[in-house]
Amino acid sequence: MAPLQLRQTVDGPFVVGGARFYGLHTHDASGVIHIESPVERHYTIGEFFDLWGQPLDPEQVGPARGRVTALVDGTVVGGDPRDISLGAHDVIQLDVGAIVPFRTYTFAAGL
């Protein structure tokens, strides 16, 4: 099986299969994290960043450095952003430096 199987959509390519899937993954460039795990368990955004090999802490998001402000569904969340739980339909925004207005997200039907 190929590493990635893509289907072209009006929004761009969408990953529909492949040789290996992690329980945490994305299908497209929307930023939506899918949890499709063989076992029911609690995941955090820190685990997602670890899968991508990217740093996440109170002073860094990926290559961006500065004070990190985390918002979940528009509410500022204190502490280490790595510890933020991934819940169904939670909208997580990580701001580095300046805080920008929260952006809502409308999930596609069936997600």
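No hydrogens, no waters, no symmetry mates; every other heavy atom, side chains included, goes into these values. Remember, predicted model here, so these are calculated numbers, not experimental data.
Rounding to the nearest 0.5 angstrom, the gap separating the CD atom in Glu40 from the CD1 atom in Ile35 is 10.0 Å. Asp83 contributes atom CG, which lies 11.5 Å from atom CD1 of Ile45 (distance to the nearest 0.5 angstrom).
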Inset, instruction - List the steps, then state whether side chain to side chain contact (heavy atoms under 4.5 Å, CB included) holds for Phe48 with Ile92. - result: CA-CA 13 Å; Phe48 181 76; Ile92 300 170; over 6 Å; no
Inset, instruction - Before giving the answer on side chain to side chain contact (heavy atoms under 4.5 Å, CB included), spell out for Thr44 and His42 the whole-Å C-alpha distance, their side-chain angles and the decisive distance to 0.1 Å. - result: CA-CA 7 Å; Thr44 67; His42 167 86; 3.6 Å; yes
Legend entry - Derivation of the side chain to side chain contact (heavy atoms under 4.5 Å, CB included) call for Thr75 and Phe102: CA-CA 9 Å; Thr75 301; Phe102 182 74; over 6 Å; no
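Linking Ile, Leu, Val, Met, Phe, Trp and Tyr residues whenever their side-chain heavy atoms come within less than 4.5 Å leaves Val100 and Val68 in two separate clusters. Hydrophobic clustering of Ile, Leu, Val, Met, Phe, Trp and Tyr side chains at less than 4.5 Å, counting indirect connections, unites Ile33 with Trp52. Placement of Tyr105 and Ile99 in two distinct hydrophobic clusters is found when ILVMFWY residues are connected by side-chain heavy-atom separations under 4.5 Å, directly or transitively.
Across every non-hydrogen atom of Pro101 and Gln93, the tightest pair is O-NE2, 3.6 Å. When all heavy atoms are compared, the tightest approach of Gly66 to Val96 is N-CG1, 3.7 Å. Pro81 approaches Pro58 most closely through the heavy-atom pair CD-N, 3.8 Å.
In this structure, Asp90 and Ile84 have side chains that are not in contact, with every pair of non-hydrogen atoms separated by 4.5 Å or more.
Thr69 places no side-chain N or O within donor-acceptor distance of the main-chain N or O of Asp95, the cut-off being under 3.5 Å. Listed for the Gln60 side chain is no donor-acceptor partner under 3.5 Å among the backbone atoms of Asp57.
Arg41 forms a cation-pi arrangement with Tyr43, by the criterion of a distance under 6.0 Å to the ring centre and an angle within 45° of the ring axis.
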